[in-house]
Undergrad: 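Input: one structure, supplied below.
Letters A, B, ... are given to chains in the order of the sequence lines, protein chains preceding strands, and every chain is numbered from 1.
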Amino acid sequence: MATPVHTNANVPTGQPPKTQRPARSQWSRFIHSSRTAPYVFVLPFLLSFALFFAYPVISTVIMSFQEVLPGITTYVGLENYKDLINPTFGKAILNSVLYTLLTLVVLIPLPLVLAVLLNSPKMPGRGLFRSVMFIPALTSVVVAGTIFRLMFGELDGSLMNSLLGVFGLEPYKWLMNANTGFLALIVLALWRWLGVNMLYYMSGLQNIPPELYEAAQIDGASRFDSFWRITIPMLKPVTIYVFTISIYAGLSMFTESYMLWNGNNSPNDIGLTIVGYLYRQGLEQNSMGFGAAVGIVLLVFTLVLNLIQLKFFGMFRKED
Amino acid sequence: MLLRRKSMALMFMAVVLMAGLLQGCSFKTDEKEGPGTELVLWTFNELHEKFFLQMADQWNQQHPDELINLKANTFPYDNHHSKLSIALQSGVGAPDIADIEVNKIGNFLKGIPQLVPLNPVIDPEINNIVPSRVQIYGKDGKYYGIDFHVGAEVMYYNKEIMDQAGVNPDSIVTWADYAAAGKQVLAKTGKPMATLETNDLWSYWPMISQQNSDFLDDKGELTLDNETNIKTLEFLQQMVKDKVAIPSPGGGHHMEEYYGFMNKGGAASVWMPMWYMGRFTDYMPDLKGKIIIRPMPAWEKGGYRSAGMGGTGTVVTNQSEHQDLAMRFLAFAKLSKQGNVEIWKQLGFDPIRSEVWTMPEAKAKNKFTEYFGTNIFDTLIEVKDEINAVHIGPKTPDIASAVRNKILYRTLQSGEDPATVLHELADELR
């Protein structure tokens with residue numbers, strides 16, 4: 001074993017060592033200290049976190065107990081939270097929850113099945129389909145929303161009504177009715193996010209060892225058995241991830257509804273979401289304090305829902 | 001040694017990153033181009049932007065020693081008002097001059113308005129203009145905005161359809177006459193007489209204003225569900241039931257669907273303010289020469305035949321470093337005779353300075369007189385004393401939202417009982 005050689009970087013080689021090392025300045029000692037360096041390195045993150053996340057969240061909490069008017073800010077205690085108990089906010093919550101549930105129902109099984117199909121080497125045009133499915137995710141939601149608004153327009157010439165016309169049916173006011181309005185929202189979500197979720201599942205599928213399928217085949221398992229007993233359980237972490245982000249995305253949906261109804265004004269609030277309500281109160285009605293209270297409720301609501309969901313999926317259990 | 005260099009390099013990077021981060025927080029964009037004092041203007045209407053830029057040119061010609069370098073920006077309606085509200089609340093980033101739509105002004109008059117009182121320029125002119133068009137942007141005797149127009153509500157009849165049905169628009173005096181004529185139009189042409197907005201206020205609000213009613217009274221108290229308002233909504237609902245009127249395609253008179261529908265001769269008439277003329281000329285070109293402008297029907301003979309609807313007040317913010325200049329430029333653009341003539345010529349609005357209505361310029365050839373004929377202002381002069389001021393207050397944005405999103409949809413689209421819906425929403429708003 002070689003003896004470790006300790007070199008003193010401050011001592012130039014070839015010269016006799018000085019008897020007394022020059023005293024390091026405080027600053028030099030500080031920046032060279034292995035104890036402080038990590039803190040300095042994470043400081044940019046900490047600063048940006050504090051500035052752009054912690055500070056706004058804390059301000060929001062404080063503001064939710066205030067009435068914020070131009071030039072005047074007064075503490076109103078729990079008044080904003082009391083005012084939240086109203087039918088419009090109730091409707092916004094219901095709409096957001098319903099939208100989230102419906103997107104979960106379509107945006108988990110469909111991408112899963114499509115990913116399995118597109119992962120199969122026997123599938124023709126795999127590359128093409130993968131791109132085609134993913135392209136909508138790159139489209140701006142503003143553009144997509146506008147196009148869907150025109151597709152679901154109420155005149156005879158809109159795409160959906162032209163389709164009805166082919167079957168001899170009367171034109172329909174799609175966006176004036178709660179059910180069909182929601183249908184448009186879900187179709188838009190499906191069109192946009194199908195490719196993204198499919199991509200997650202495809203990456204998950206590529207991590208399943210092929211030996212498992214070979215072993216199953218030897219044991220005489222059918223294709224469906226392999227899918228049900230190998231693919232789905234092995235994709236559980238991906239499913240949990242997709243589930244979690246879908247809950248978050250569903251509850252925070254706003255732009256889609258805003259574009260589909262040409263502003264935050266869907267008839268009888270059929271497309272009003274929690275964030276839509278926050279926007280209406282905070283910005284459109286200039287009640288920042290009340291809007292902040294809506295935001296806090298949304299934060300708590302999403303957090304609790306996700307925690308319950310993660311607990312349900314056993315995410316907090318220790319790995320076996 | 002290598003380690004030390006590495007740590008130094010990393011440290012340097014960290015410092016650069018932090019510097020970049022802090023740099024990102026700086027807002028200063030102090031660029032001066034062209035001669036003159038820079039004034040920043042925000043609006044939500046491209047035509048307004050063009051108008052102000054044009055007026056800035058005229059100002060510069062007439063005030064060579066006080067040149068203005070106007071920087072104008074147009075944002076979408078909601079985006080514009082939200083941005084302005086946040087800039088005023090936070091105390092940074094507001095422009096010198098900004099447009100505020102009448103339904104939004106309530107938000108900006110809450111608390112201590114962050115706007116400059118315009119009394120020094122308005123007070124000397126108050127007798128030359130329609131006073132309600134500055135009063136709606138006022139609070140405690142101070143005026144904070146100047147409107148572009150009177151917004152007189154008028155009836156636009158499609159003469160071709162009316163002729164087909166054998167109805168003379170001039171014989172329609174009351175709303176009862178209008179509904180009866182509507183039945184005849186429907187029977188003869190199969191077309192509805194009117195389209196009603198379910199996502200905006202310009203069908204319902206003028207009808208109650210004609211009867212001295214409003215959503216708020218002059219003390220700011222909510223009167224949304226009073227007897228007059230209920231009866232008026234019932235009248236509208238009855239017209240829909242009789243198929244004399246239909247809810248407007250797309251929900252309102254500013255929707256692509258509506259323009260297409262109307263341009264093809266979809267309905268025999270529509271009542272909208274005079275500022276709506278520009279939508280006809282720009283979006284319904286096929287109706288050129290077919291549309292005539294008449295006063296609205298009154299509720300009873302001799303009753304009011306119009307109402308002042310909508311409007312955009314232009315304000316000066318208290319963050320402006322050139323408040324006095326901004327105010328004087330605004331007066332030049334929107335209060336002066338010259339400015340008011342330009343408002344008519346360029347925007348097709350009924351200007352707030354009434355002497356302009358009888359000037360030769362009011363009948364001179366432009367795209368509006370070519371489309372509607374040269375007697376546009378005759379209608380305005382006829383009804384000018386029949387316009388009630390609307391009551392605008394801090395609750396107005398909330399009320400407008402309820403009427404737009406719920407009340408009109410539930411009664412005119414879904415057929416719910418007007419009294420029940422109005423009482424329910426009024427209780428929620430109180």
Undergrad: Checking heavy atoms, do the side chain of Phe152(A), its backbone, both or neither come under 4.5 Å from chain B?
TA: neither

Undergrad: Pick from Tyr409(B), Phe261(B), Phe108(B), Tyr77(B): which one has the most heavy-atom pairs with chain A under 4.5 Å?
TA: Tyr409(B)

Undergrad: Checking side-chain polar atoms at under 3.5 Å, does Tyr258(A) have a donor or acceptor matched by the opposite partner on Asp78(B)?
TA: yes

Undergrad: Can you tell me how far the CD atom of Glu154(A) sits from the OG atom of Ser248(B), to the nearest 0.5 Å?
TA: 7.5 Å

Undergrad: If you count heavy-atom pairs within less than 4.5 Å of chain B, which of Gly157(A), Gly153(A), Ser266(A) leads?
TA: Ser266(A)

Undergrad: With a sphere of 6.0 Å drawn around OH of Tyr283(B), does it hold more than 12 non-hydrogen atoms of other residues, nucleotides or ligands?
TA: no

Undergrad: Counting only non-hydrogen atoms closer than 4.5 Å, does Lys83(B) touch chain A with its backbone (N, CA, C, O), its side chain (CB onward), both, or neither?
TA: neither

Undergrad: Heavy-atom distance under 4.5 Å to chain A: side chain of Glu257(B), backbone, both or neither?
TA: both

Undergrad: Under a 4.5 Å cut-off applied to non-hydrogen side-chain atoms, are Met288(A) and Ile86(B) in contact?
TA: yes

Undergrad: Kindly say whether Lys406(B) contributes a backbone atom to a donor-acceptor pair with the side chain of Asp269(A) at under 3.5 angstrom?
TA: no

Undergrad: How close do Glu428(B) and Pro87(A) get, heavy atom to heavy atom, and via which atoms?
TA: OE1-CG, 3.7 Å

Undergrad: Do Asn286(A) and Gln89(B) have side chains that approach each other closer than 4.5 Å (heavy atoms only, starting at C-beta)?
TA: yes

Undergrad: Could you look at Val42(A) and say if it's the side chain, the backbone, both or neither that has a heavy atom under 4.5 Å from chain B?
TA: neither

Undergrad: Give the member of His81(B), Lys104(B), Arg404(B) that has the highest number of heavy-atom pairs under 4.5 Å with chain A.
TA: Lys104(B)

Undergrad: Identify which part of Asn199(B) has an atom lying under 4.5 Å from any heavy atom of chain A, answering side chain, backbone, both or neither.
TA: neither

Undergrad: For the pair Arg149(A) and Glu256(B), evaluate side-chain contact (heavy atoms from CB on, under 4.5 Å) and give the outcome as yes or no after the intermediate values.
TA: CA-CA 11 Å; Arg149(A) 172 153 54 85; Glu256(B) 295 95 339; 3.4 Å; yes

Undergrad: Identify which part of Asn177(A) has an atom lying under 4.5 Å from any heavy atom of chain B, answering side chain, backbone, both or neither.
TA: backbone

Undergrad: Does NZ belonging to Lys91(A) count more than 12 external heavy atoms closer than 6.0 Å?
TA: yes

Undergrad: What distance separates Leu408(B) CG from Asn268(A) CG, expressed to the nearest 0.5 Å?
TA: 11.5 Å

Undergrad: Who wins among Thr88(A), Ile270(A), Asn86(A), Leu175(A) for the most heavy-atom pairs under 4.5 Å with chain B?
TA: Thr88(A)

Undergrad: Measuring from Lys110(B):NZ to Glu67(A):CD, what's the distance to the nearest 0.5 Å?
TA: 8.0 Å

Undergrad: Do you know which two heavy atoms are closest between Gly250(B) and Met176(A), and how far apart they sit?
TA: C-CE, 3.9 Å

Undergrad: Got Pro249(B) and Leu155(A) here, is their nearest side-chain heavy-atom distance under 4.5 Å?
TA: yes

Undergrad: Heavy-atom count around Arg430(B) CZ within 6.0 Å, excluding the residue itself: above 12?
TA: yes

Undergrad: For a 4.5 angstrom cut-off between non-hydrogen side-chain atoms, does Arg280(A) reach Ser401(B)?
TA: yes

Undergrad: Between atom CG of Asp398(B) and atom CD of Gln281(A), what is the distance when rounded to the nearest 0.5 Å?
TA: 6.0 Å

Undergrad: Identify the two heavy atoms, one from Leu283(A) and one from Ser82(B), that lie closest to each other, and give their separation to 0.1 Å.
TA: CB-OG, 3.9 Å

